Structure formats: structure tokens, C-alpha cells
*Asks:* 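Input: one structure, supplied below.
Bear in mind that the values here come from a model prediction, so they are computed numbers and not experimental data. As the structure lists them, so they are numbered: ligands from 1, and atoms in each ligand from 1.
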Amino acid sequence: MSEHTILQPTTIVIFGATGDLAKRKLFPAFYNLYIDGRMPKGFNILALGRAENTDENFRNYIKENLESFSRKKVTAEDWAGFQAHIKYFQHQLDEEDSYKNLYQKLEDFDKVYGTRGNRLFYLSIAPNFVSVISGHIRNTSIASDSKKDRIIIEKPFGHDKASAIELNNLLSQTFKEEQIYRIDHYLGKETVQNILAFRFGNSIFEPLWNHRHIESVQITVAEEVGVETRAAFYEQTGALRDMIQNHLLQILCMVSMEPPVSLESSEIRDRKVDVLKSIRRISPDKVDHYAVRGQYGKGTVNGVPEKGYRQEEGIAPDSNTETFAAIKFYLDNERWQNTPFYVRTGKKMKEKHSYITIQFKPLPHNTFSESSQLLSANRLIINIQPQMDIRLQFMAKKPGLSLELKPVEMIFDNFACQNDTPEAYETLLLEALLGDLTLFMRSDQVEEAWDVMKTIQETWEKTKDSSFPNYEAGSWGPEDSNALVERQGHKWV
Ligand code: BG6
């Protein structure tokens, strides 16, 4: 979002630099920003890992991974320039001495630049280490300049409202709120950001964007992958915490928020909190009416036979963890009264496809009813991934002598404009380097999002679902998720 160049030298400290996220997302993002000339004029990446290693070894490991995960090609010239900025340091997350060494390294870098540079700490580690790291950062005063030092925290941010509040309180002992960048990588996706441009950069859609003209909204994030190597994490998490509390609720906020007065981060974040506050809270006895959970059994995805969730390595044979969730939300505010927002997400589904469907209300009167022509509903479909486009579906006359109608589409295709769009992490890391918080979650946003989930989360935890597994790998989820929308005369698109 921000367009300024970064003049301040910056040291980026990555805790957990040998982990999966660093190799797949963080280093490729920094490398691509470097090629695009978007990194600060002077920068260093301090890669922290538990094991002993040399700079050279670590750099080779990063290079190998860039070959697989970088958006842009790795050329000898770019790599030679980039690699010189990476330094590896052995670091023990829970040892005070490691932080004292880190302090010294940071001071040494500042001496090279002749100025106290910015510091960006990236916590790419298991959530249970956040507390110990922020405690040591405080004790050693390595992030003592609230104007220059920032911390990026990965999701999951807590596992319920109480733990999120606790974590926020803990972080606030070391950092001011404006130093804390809570990442939700969906907010960095090109198509998700485009919702803002589409809604508030045009005059023709906004007058229709309310309960008077919109019948329902659907948000689907379907994945083909299963739990991969993350069984232990996923067993504790499930689809509700892993996807809905963050990614899907954030998309819902972008679709439904009131127009912000400006693009100020506090303004946009305030509008999103308003949405979260307006989401109707439900009582425990209504959970089955508003929410459906699922767990995949064996099946076939893309012609490949797949095991069921309970047969995956590291998963309990009687696991009660949901790999699919669908929820009907209502927003109790002026704009969205009685408009259902259906959201669903699942693993091992038929295809990888994330999209939003805005379905408009039917015409009050069908002028073409005498010739018994059925009119399809007008829809706006925003494809988030892998397609990245916006489609407006409407009725038009079939060319010919008779007045026959057919549904047609008008398409804006992101790829046709630019087929090389930045990855979400590139956008988000650049914003963090620039000090713009707009695309990150504020403490009250996270807490409110957990509050929205509370009743469903607690009810599902307490009660075992005896129908599990209730959908086949390679399908669109359990039958009950169809019933959830059909009850209101709707259908998943
Ligand atoms: C992560 C979840 O936040 O998002 C994963 O933890 C999920 O379980 C992933 O697979 C999906 O991200 P994307 O960008 O591939 O849609």
C-alpha cells in the first residue's frame, strides 16, 4: 500500500530461520523485494537457529530453497548481491546469553551504518516461545526504540479469547501496540487487497452493497492439501482456529466493512472491528443451526487415492478434530440486517479454490415471464486463488431474431493485467519494513475474532461428533453443509 522508499538501514532478525516458513516464504519474499529494489538501502538479515552452522552453509541452503520457492528466477548476479546481507547466528531461544550476543551484533551493525538502524524481529517459531522471546528482548533492551523497532508475530495468535488477551498483555510489556505486526497472510493477497479498491474506488457498486440489494454472501476457501507434516499442530487447531478465526473472518470484514474515511491504518482497522463486533453471537443450543463441522475420510483427490484424516501419521484414530467447517453469520447492523454470510473451508476438498460470491436479490417482477424465461440471479464472483479475477454475471439477449435471454459474464482478469503478481509475504514484509500497520491485525481485532468463535469452539470441543468422518476426500464437504444454506433457499455456488 505504501509507496515510500526505505531510507533507514534495517536489521531483520529471524527467530526460527531454519524452519519451514523461513525457507518457503520469508527468504523468497526478501529476495524478490531485493530484486525489485524495495529493500532498505542498508539491510542485514540475521538468521537465528539452534544448531551450529556457518554463513556459507546457511546461505547455500537458502539458495537451494530459493530455486524452488522464489517467484523470480535466481540469477548469479542477484544472488551474489543478496547473499552478502545474510548472516547466520547460533541462538538458544531460552538463554539470556544468546540475547546478550544478539545485542552486541545489533550494535555492531549500527556502527557500520553510523546510525541506530531500524530493527525488525520476525517470530517464525511455535507460539509457546513468544513469551520467552519477548521477555528476553525486554530484559536486554534490544528493541527499546519504539519508533524504530518492530515485531512480527505469526498466527495462531492464542488459541481462544482468554489466551489472546494474555498474549497481548504480555507483548505490551515489551512493545507498544504500534510496534506489533500480527500477520494474517490472506491480507497480503493481491485479490483480497483488491476488494478495498473495488468497493471504495468505484461509485457504481457501493449503492448496491447492502441488505436491500444483496441476497447472500458466500466465502469459500477450499484446499486440496491435507495436514501434510503438521499433524501435532493441526490436532490442536482444526479448521475453525486455523482458517475461520483469521483468514475467513478477515475476508468477511473486507467485504462487509463500512467505507473508511481514509486509508489510515487506524481508520481501516476500526471499521473492521466494527464488523466483528456486529457479528451475531449465538447461544450453545443454536450451534448446530449455524455451524457444520466435518472430517474427511478416504477418497480421491485429482484422481489420486487419499487416506482419511484419522489414518494420517500422527493423528489419533478417534480424532474429533474438524478438517472442514461451514458457518452462517449474521451482522446485526444497519447495512447487513438479515443477510446471511456463509463461510466454509476444508482440507482435502475437490479442488483448491478460494472465492467470494455476492448474490444479488431477484427482480421484484420478471418482465420475461410470459415467454417462460428463467432469470439467473446477478452475481459478483471474486476469485481469490488460484484464479485471480472478478466476474459480474448478468442476463443478456441471445443474438438472433427472438428475444431469448442467457446468463453471461463480464470479467476482470488480474493475470491479464500482470501475470507476475507479488506473493502475500512480499507485500506484508514490505509494509512492515515501511512501518505501515494497515494489513496487520490489531489486538482488539484478534480478541474480537476469537469472541465471535467462542461458543462454536467450546461446543465442538465438548461434544464428540459421532458422524466423523463425514465427507470423502475429494468432495465439497459434508452433506450437512448443503443443508445449512438450503434451509434458506440458497445453494453453495
Ligand atoms: C495457513 C493455514 O494459515 O493457511 C494452513 O495454517 C493453510 O493450514 C494455509 O493450508 C492456506 O494458505 P494459502 O495461502 O495456501 O491459501
Side-chain angles (χ1 to χ4, degrees), residues 16 19-26 28-29 32 68-71 122-127 152-159 164 181-195 219-252 254 293-296 301-302 306 309 312 314-315 319 321-325 343-356 382-388 414 421-429 439-441 445-446 449-450 453 457 473 477:
D20 214 46
L21 181 77
K23 78 173 184 201
R24 284 170 183 266
K25 300 286 182 193
L26 305 185
N32 288 311
S68 319
F69 301 116
S70 169
R71 178 169 64 88
Y122 200 115
L123 269 52
S124 174
I125 38 88
I152 305 186
I153 314 239
E154 269 294 328
K155 68 170 262 285
F157 196 87
H159 52 90
Y181 291 68
R182 298 173 191 81
I183 270 205
D184 180 322
H185 77 278
Y186 266 62
L187 291 179
K189 288 186 191 281
E190 195 69 16
T191 31
V192 174
Q193 289 183 70
N194 198 21
I195 300 171
I219 302 170
T220 295
V221 175
E223 297 189 277
E224 281 173 10
V225 294
V227 284
E228 299 172 296
T229 52
R230 303 192 304 159
F233 162 79
Y234 202 81
E235 276 285 84
Q236 300 298 317
T237 314
L240 206 60
R241 289 193 173 103
D242 188 37
M243 300 293 287
I244 299 206
Q245 186 269 348
N246 33 71
H247 305 325
L248 279 94
L249 279 186
Q250 281 304 309
I251 299 175
L252 188 149
M254 299 288 268
R293 56 181 155 166
Q295 187 189 74
Y296 62 85
V301 180
N302 276 332
E306 298 284 350
Y309 177 70
E312 305 266 15
I315 304 296
S319 171
T321 303
E322 79 284 354
T323 59
F324 173 99
V343 307
R344 66 174 168 170
T345 184
K347 296 219 177 267
K348 286 275 161 74
M349 292 184 64
K350 191 167 179 63
E351 63 187 52
K352 180 177 169 73
H353 193 177
S354 304
Y355 58 104
I356 304 163
I382 302 176
N383 280 311
I384 298 172
Q385 62 184 23
Q387 290 130 275
M388 293 165 64
N414 261 278
T421 47
E423 288 271 333
Y425 273 91
E426 292 173 45
T427 305
L428 295 172
L429 289 173
L439 299 180
F440 298 85
M441 316 266 284
Q445 270 176 285
V446 179
W450 280 120
M453 296 287 94
Q457 201 178 312

*Asks:* Is R230 salt-bridged to D20, going by a charged N under 4.0 Å from an acidic O?
*Replies:* no
*Asks:* What protein heavy atom lies closest to atom 6 (O) of ligand 1? Include the residue and the distance to one decimal.
*Replies:*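 For atom 6 (O) of ligand 1, the nearest protein heavy atom is D242 OD1, 2.6 Å.
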*Asks:* As an exercise, identify every atom of ligand 1 less than 4.0 angstrom from a heavy atom of K347.
*Replies:* 5 (C), 7 (C), 8 (O), 10 (O)
*Asks:* With under 30° as parallel and over 60° as perpendicular, where do the rings of H185 and Y425 fit, or are they tilted in between?
*Replies:*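 If you compare the ring of H185 with that of Y425, the planes turn out parallel.
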*Asks:* Counting only heavy atoms, tell me which of K25, M243, E423, R230 gets closest to atom 8 (O) of ligand 1.
*Replies:*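 Heavy atom nearest to atom 8 (O) of ligand 1 belongs to R230.
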*Asks:* Can you pull out the closest protein heavy atom to atom 10 (O) of ligand 1? Residue, atom name and distance to 0.1 Å, please.
*Replies:*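 Scanning the protein heavy atoms, the shortest distance from atom 10 (O) of ligand 1 goes to E223 OE2, 2.5 Å.
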*Asks:* Hey, which atoms in ligand 1 end up nearer than 4.0 Å to a heavy atom of Q385?
*Replies:* 13 (P), 16 (O)
*Asks:* Among E224, E228, E312, exactly one meets salt bridge (charged side-chain N to carboxylate O under 4.0 Å, His left out) together with K348. Which residue is that?
*Replies:* E312
*Asks:* Mind listing the closest non-hydrogen atom pair of L187 and M441 along with its distance?
*Replies:*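 The answer is CD1-SD, 4.4 Å.
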*Asks:* Whether the S319 and E235 side chains hold a donor-acceptor pair (N or O, under 3.5 Å, no angle test) is what I'd like checked.
*Replies:* yes
*Asks:* Ignoring hydrogens and geometry beyond distance, is a side-chain donor-acceptor pair present between N383 and H353 at under 3.5 Å?
*Replies:*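 Side chains of N383 and H353: pair found under 3.5 Å.
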*Asks:* Output the list of atoms in ligand 1 that are nearer than 4.0 Å to some heavy atom of H247, sorted by atom number.
*Replies:*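 Atoms satisfying the 4.0 Å criterion: 1 (C), 3 (O), 4 (O).
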*Asks:* Looking only at distance, does K189 have an N or O less than 3.5 Å from an N or O of ligand 1?
*Replies:*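 Yes - when backbone and side-chain N and O of K189 are compared with those of ligand 1, one distance drops under 3.5 Å.
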*Asks:* Are R71 and E423 ion-paired here, with the side-chain N under 4.0 Å from a carboxylate O?
*Replies:* no
*Asks:* Near K155, which atoms of ligand 1 are under 4.0 Å from a heavy atom of that residue?
*Replies:*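 Those atoms are 1 (C), 2 (C), 3 (O), 6 (O).
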*Asks:* Return the closest protein heavy atom for atom 15 (O) of ligand 1 as residue, atom name and distance.
*Replies:*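 For atom 15 (O) of ligand 1, the nearest protein heavy atom is K352 NZ, 3.4 Å.
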*Asks:* List the closest protein heavy-atom neighbour of atom 12 (O) of ligand 1: residue, atom name, distance to the nearest 0.1 Å.
*Replies:* H185 NE2, 3.2 Å
*Asks:* Measuring from non-hydrogen atoms of Y186 to any atom of ligand 1, is the shortest distance under 4.0 Å?
*Replies:*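 Contact present.
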*Asks:* Does Q236 have more than 12 heavy atoms from other residues, nucleotides or ligands lying within 6.0 Å of its CD?
*Replies:* no
